[in-house]
Structure formats: C-alpha cells, structure tokens
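As structure tokens, the structure follows; a few thoughts come after it.
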2 protein chains.
Amino acid sequence: MARKPLTRPRKHASQERSRATVDALVEATARILVKEGFDKASTNRIAEQAGVSVGSLYQYFPSKEALVAAVIERHTRQTMELVQGTLAAVEHLPMEQAVRRLVAMAVDAHRIDPKLHRVLAEQLPRTGKLESVEVFNRENFVLFKAFLERHRGEIRVVDLDLATFVCVTSIEALTHTAVLHHSQSFTEEVFAALVEEATRLIVRYLQ
Amino acid sequence: MARKPLTRPRKHASQERSRATVDALVEATARILVKEGFDKASTNRIAEQAGVSVGSLYQYFPSKEALVAAVIERHTRQTMELVQGTLAAVEHLPMEQAVRRLVAMAVDAHRIDPKLHRVLAEQLPRTGKLESVEVFNRENFVLFKAFLERHRGEIRVVDLDLATFVCVTSIEALTHTAVLHHSQSFTEEVFAALVEEATRLIVRYLQ
DNA sequence: AGGCAATGCGAGCTATCGCTCGTATTCTGC
DNA sequence: GCAGAATACGAGCGATAGCTCGCATTGCCT
C-alpha cells in the first residue's frame, strides 16, 4: 500500500565503466529535467539520453525518485559549499558588509544552474520534500543564526529564531524570485541595486 | 506536436442541472487535489468524487488542466477580493498601521484554504504558470505600488518598482512560509510576533 | 403527446509509464 | 585462456492515464 520509493543507489559500482554509467545517468536526469520537466522525464527517456539501457539504469537506481534524489544531492552540495565558504569568509566583517556579501552570494547560488534550480524548486515538492532539501534548509538556518549570534551586540534584542526566519526567508525569496523569474527584465545594474536594497532591508530590520 | 491543453470550458451550461454538475466537478477537483495531490488526481477519480461520469466531465472541461484552471480561478478570486478590500480599507491609515494591516491580511489570505493553496503553489507551476496566477501577481504588484505612491512623502526616494518588488516578495514569502510550512510549530503568539517583525522589516526599509 | 436539444453515462481505446528479467557482453584474477 | 563476477541490454509486462463515442435519460417547447 503506497510504499515510499527507495532513493538509495541499488548497488555500489566498483568498476570504472559502471561509475561512468552512473554519472551519465545523473547528468542525463538533470538535462532531461531542465529540458522536459519532471513529468516528461521518464526513465526510458533518461536512459536513452544517457546512452544506456533501462535495465542498466535500474541496476544502480531502484526508482525514478532515486535518480532525482541524486540530482538534488549534487546540486545541494554545490550550493552548500558556496554558502559555507561565504559565511566563513565573512566572519570578521562589520555586519553591513557581511550582509551585503551574503546577499550577493545568495544571488550567485541561484545562478549556479538556474534552470535546474527552478525545476527542483517548482516541480518536485510534490513527492513530499526530499530529505536532503530539508537538511539543507535546517543547516542554512543554523548557520545564519550563528552569524546573528556573533553580531548580537550590534542588533536589538529579539527572538533570534524569529529574526533568523525573517532574514533567511526574505533573502531567499528575493534572490530566488529575481534570478528565476525576472532574469530577463533585470539588468546587471538592477541586480546590483537589488543587493543594496536587500542589504538595507535586513540591516535596518536588525538594528 | 505537444499542443497546449485548452483551459476554457467546453460548453456553456444553460440548464440548472448542468450548472450543478460543473460546480460538483470543480469542488471535487479541489477536494481530490488536497487529499491526493496533483499526480493522483485522475479525471476518473474526480468524476467519481463528483458523482458524475467521465463523459459528462469532458462535456464541460476539455482537459484535466481546464479543471485545475477552474479551481485556481476560484481560489484566486477569493484571495483577490480580500486583497482589494484590505487595500481600500487601509487607504487613509498612517503607513505603519497600514502595513501592519496588510501583513495581517496576507496571513489571512494564506489561511483561506491553506492545504489547497499549498497544492496549487507547489505542485502546479510545472504546467508553466496558469495565466490567472500571472494576472494575480501583476495586479498585486500594481496595487501595492499605488499604495507606496500614496505614501511617497513618508518614504525615502527610491526606484518604486524595485521597492514594490522587495516589499511584495518579502511579505508573500514570510506569510506563505509561516502558514504553509510552520503552522504546527507556530503558535498564535508567534504569528502575532511575526506580523510585528514583518511590519518593522517593511516600514524601516521604506523610511 | 411528441420531438428535439441538452445532459448524462461508462466501457473501452490508445498511449505511456515505471519497472523486471532472461540474455548477451565485458572485465578481473588466476 | 578461462571461469565467474560484474555490467549492459531491451523486449515486454501490468498498471494507469487522459480521453472518445455511441447510446440512454431528462428537460423544454409547442
């Protein structure tokens, strides 16, 4: 009765040849997701695009969900690295400069692979949110809260959880919407202006 | 070659009996969407839930998309009425009080039918954004921009379009995320605090 | 009452999906 | 070079989807 599909790889690829197959499948999944969307991304089509047979696909991924999970995993990891790196680099900056860098980083993060990001953001939650996305969100929240704690002296005393929620949600929404829905109409100058505006939004909110 | 499915009703129901059928179908679609999600919402199931045959369903709706479009239409109209009403009621209030009312209204708007709203927000954009949603967003943008124009004296001079984008996007994201993803963990007091925080966020940004 | 239009019905067509399984090919260690 | 493990193949199964069409029923008008 409606068992949740597995998302772990079926077997560990030991030979070089099979590792290439796995990579090709993940890459093909990402490409098909972007080009056709989740619904049209059938396992047959993915296998074809990867230059691999369906049978081989199911040797390594027990379900379509597992393939998508692998794509999410990869994209999330890239993004997480950017987030962590920037938060570290910003550690000893005055708050306003730090926030500006963080907002700019959020724009960059959404630009890593905007089309894929959009598909993942808009077409997948149906499955009930893959775990790695939840982990990413939580991690993000924790990291930003730590950032606020380090600047506690510079901000008014408030519920830090609530303040983190407000900041993270706003920055994410502004950069996400700008990059994924207005890239055509927003010039680079507009993006620069947006970074300034978002920085002002956050900094004045916190002070 | 991939013709876009029609979303307009196939025929105009003239007799009372058929109007009841159409209503039952739209209502059933909403119920199934909430209970089963978009993927499991088959036309057969919808017809069954409505107590109507598939044949009758296709007399009035040329495709599954058309049914969903009708549900979105209805939900959007309800929300739009709330937005317009509040913006009118707030017209002569001082800015901070006005913003507070608007934020509270945004929370209420997401509470009209949260489960349906969530399904519509998360599971549908795949089709490429139904037109009525685009219209809603644009309308929202225009209305809020007009609001800002009326308070131009109280806010610093800025790119009004950009400021509108920042405000609308932030308020929407904060209320949307709070209601649809944190309703369990957020008590009423937290929601009240959120309204205050969001108000502060917006007002201090504008000043 | 009779007849035409409006409405309602649902078995079943075609297409496609996720996925399996028996077989063919390639690689590794001896 | 050979045996067995690892890898790759792809026709095809069972399920389900969206949707059609021929026919039955109901309502409206004269």
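Below, chains carry the letters A, B, ... as their sequence lines are ordered, and counting in each starts from 1. Any value given below was found using the heavy atoms of this structure, including those in side chains, with hydrogens, waters and symmetry copies removed.
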Round to a whole Å and report the spacing from [atom1] of [X] to [atom2] of [N].
X        : N       : atom1 : atom2 : value
Glu48(B) : dC19(D) : CD    : P     : 18 Å
Lys40(A) : dT16(C) : NZ    : C1'   : 9 Å
Leu57(A) : dC17(C) : CG    : P     : 14 Å
Leu25(B) : dC9(C)  : CG    : C1'   : 13 Å
Arg19(A) : dA8(D)  : CZ    : C1'   : 17 Å
Asp23(B) : dT7(C)  : CG    : P     : 14 Å
Glu36(A) : dT16(C) : CD    : P     : 13 Å
Tyr60(A) : dA8(D)  : OH    : P     : 4 Å

Minimum heavy-atom distance [X]-[Y], with the two atoms named:
X         : Y         : answer
Arg200(B) : Tyr205(A) : NE-O, 3.0 Å
Phe38(A)  : Gln123(A) : N-OE1, 2.7 Å
Thr29(B)  : Ile46(B)  : OG1-CG2, 3.4 Å

(message) Can you tell me if Glu48(A) has over 12 outside heavy atoms packed within less than 6.0 Å of its CD?
(response) no
(request) Can you figure out which of dG18(D), dC19(C), dC19(D) approaches the side chain of Ser42(B) most closely? (result) dG18(D)
(request) Could you check whether the rings of Phe147(B) and His151(B) sit parallel, tilted or perpendicular, using 30° and 60° as the cut-offs? (result) tilted
(message) Please classify the nucleic acid contact of Ala41(A) as base, sugar-phosphate, or nothing, using heavy-atom distances under 4.0 Å.
(response) sugar-phosphate
(message) Would you say Thr43(A) places a side-chain N or O within less than 4.0 Å of OP1 or OP2 belonging to dC19(C)?
(response) no
(message) Counting only side-chain nitrogens and oxygens, does Thr21(A) get under 4.0 Å of the OP1 or OP2 atom of dA8(D)?
(response) yes
(request) Could you check Asn44(B) against Ser53(B) and say which one's nearest nucleotide on DNA chain C is further toward the 5' end? (result) Ser53(B)
(message) What does the B/S/- profile of nucleotides 21-30 of chain C look like, 5' to 3', with a 4.0 Å heavy-atom cutoff to protein?
(response) B----BSS--
(message) I'd like to know if Arg31(B) and Glu36(B) make a salt bridge, using a cut-off of under 4.0 Å between side-chain N and carboxylate O.
(response) no
(request) Taking only Lys NZ, Arg NE, NH1 and NH2, and the carboxylate oxygens of Asp or Glu, determine whether Glu73(B) and Arg77(B) approach each other closer than 4.0 Å. (result) no
